[in-house]
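Here the structure is laid out as structure tokens; the discussion comes afterwards.
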Amino acid sequence: MIEHRLLPIAWYKDMREKTNILWQLQNLDLSWRCCHENHRALQQYVESHKKVLSISSEIHLLTDEVQDAFVKLSQLITNSLVSYTVCLNMCEQYMEKVYTKDNEAFQLWNNFRKELHKDTFEYKFGYVLRNYTQHYGLPVSEIYISTDSVSLTDIQVFALTEKLFNGSFKWPSDLESVLQALDSGKVDINLVLIEYLKCVDKVYAGVLRSHIEELSACDMYLSNLCREFKIKSCEYPVVFKGDILQGDEVPKEKEFIPVYILKRMKEIWVEKLSFNITKH
């Protein structure tokens, strides 16, 4: 559906200004969504191995296929570790770019991030573990496959603390003390990743909260625009710019109005972060 209505330059500039926050956040949001996609892939892989055992599947545990499963687990764990740490780094770079360091919004976010890191073992360990893997590889020391009389019930991946200290990698002293004090002498990597992702979510949600006024204004603006032009939720508005050449119905140059971006962002923010800009 094409509506021929000449829109003034002021309208276009206002639209760009009101929706700029979406383009500003887009790369960071994609990085955060990658974290959840990697986490989902790892959890699905682990869950897919919880099954009823038959004679053939018991034999499977003794074959090369189980070694392939270890390789896949290592790949998925590494992907998760890297994506979490990259997202945290991008959050920090983003906040430093958008705000000055003496800005109140930046200080609130940065103090919260530092306290979260200080108080959360999984955040500290996961962040350093990613750096460790760059030099020594993923420190998967043990993989436990738990079974009962009829089924394979669980897969757990552990790093033995003694192996973490075998090389020359310099662990932060406070983290090293915590690791050495663990009674079990090992760390459950999957549990670390679950808690580490929760920290990523909290840090990213803090970035979004610093933009709540802009996001709410953008949401209101696009809602009003859709009402004015009678745009349905399944439709994607486009603005055409420039002169209409002879034989054409609309100008060649066009720009999608980012209703589709905000719609997807809002859905995922509510689902993963319980963060709703429309209720602000």
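Just the heavy atoms: all of them, side chains too, but no hydrogens, waters or symmetry mates, feed the values below. All residue numbers in this chain count up from 1 along the given sequence.
- Counting non-hydrogen atoms of other residues, nucleotides and ligands closer than 6.0 Å to CG of N166 gives a total above 12.
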| Given R5 and E228, is the salt bridge (charged side-chain N to carboxylate O under 4.0 Å, His left out) satisfied, shown in steps? | CA-CA 12 Å; R5 185 192 300 190; E228 178 186 352; 3.1 Å; yes
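- With a 6.0 Å radius and a threshold of 12 heavy atoms from other residues, nucleotides or ligands, E104 has its CD atom at or below the threshold.
- For residues 76-86, there are no salt bridge (Lys or Arg N to Asp or Glu O under 4.0 Å) pairs, not counting sequence neighbours.
- Here L6 sits alone; no ILVMFWY side chain lies under 4.5 Å from its own, so it joins no hydrophobic cluster.
- Side-chain atoms of N20 do not come within 3.5 Å of backbone N or O of R16 as any donor-acceptor pair.
- Annotation: side chain to side chain donor-acceptor pair (under 3.5 Å) contacts of Y236 (sequence neighbours excluded): none.
- Across every non-hydrogen atom of P251 and G242, the tightest pair is CG-O, 3.4 Å.
- Residues passing the side chain to side chain contact (heavy atoms under 4.5 Å, CB included) test with D248 are I244, L245, K252, sequence neighbours excluded.
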What pairs of donor and acceptor atoms, side-chain ones from residues 196-204 against any protein atom, are under 3.5 angstrom apart with sequence neighbours left out?
from	atom 1	to	atom 2	distance (Å)
Y196	OH	T85	OG1	2.9
K198	NZ	E195	OE2	3.1
D201	OD1	W32	NE1	2.8
D201	OD1	H36	NE2	2.7
D201	OD2	H36	NE2	3.4
Y204	OH	D29	OD1	2.6

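- Counting heavy-atom neighbours within 6.0 Å of F256 CZ, excluding the residue itself, gives a total of 12 or less.
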Show the atom names and distances, to 0.1 Å, of all donor-acceptor pairs under 3.5 Å that link a side chain in residues 218-227 to residues at least two apart or in another chain.
from	atom 1	to	atom 2	distance (Å)
D219	OD1	K266	NZ	2.8
S223	OG	D219	O	2.9
N224	OD1	R227	NH2	2.2
N224	ND2	M220	O	3.3

**Message:** With side-chain hydrogen bond (donor to acceptor under 3.5 Å, both in side chains) as the criterion, how do Q43 and N190 come out once you've worked through the C-alpha distance, each side chain's angles and the decisive distance to 0.1 Å?
**Reply:** CA-CA 9 Å; Q43 298 308 314; N190 194 41; 2.9 Å; yes
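- Qualifying side chain to side chain contact (heavy atoms under 4.5 Å, CB included) partners for E267, counting only residues two or more places apart in sequence or in other chains: K263, R264.
- The shortest distance between side-chain heavy atoms of L175 and F121 falls below 4.5 Å.
- Qualifying salt bridge (Lys or Arg N to Asp or Glu O under 4.0 Å) partners for E176, counting only residues two or more places apart in sequence or in other chains: none.
- Counting heavy atoms from C-beta outward, N111 and L108 have side chains that stay 4.5 Å or more apart.
- Ion pair R113/E92 flagged as a salt bridge, since at least one NZ, NE, NH1 or NH2 atom sits closer than 4.0 Å to an Asp/Glu carboxylate oxygen.
- Of the possible donor and acceptor atoms, none in the side chain of T161 sits under 3.5 Å from a partner among the backbone N and O of Q180.
- Listed by first and then second residue, the ring-ring contact (aromatic ring centres under 6.0 Å, His included) pairs that reach into residues 90-114 are Y94-H211, Y99-H211, sequence neighbours excluded.
- E115 meets the side chain to side chain contact (heavy atoms under 4.5 Å, CB included) test with K118, D119; sequence neighbours excluded.
- Note: L81 CG to L129 CG = 5.0 Å, rounded to the nearest 0.5 Å.
- When side chains are defined from C-beta on, K254 does not count as touching K241, because their heavy atoms never get closer than 4.5 Å.
- Listed by first and then second residue, the salt bridge (Lys or Arg N to Asp or Glu O under 4.0 Å) pairs that reach into residues 34-43 are E37-R40, sequence neighbours excluded.
- Contacts classified as side chain to side chain donor-acceptor pair (under 3.5 Å) and involving residues 120-131 (residues at least two apart or in different chains) are given here: N89-Y127.
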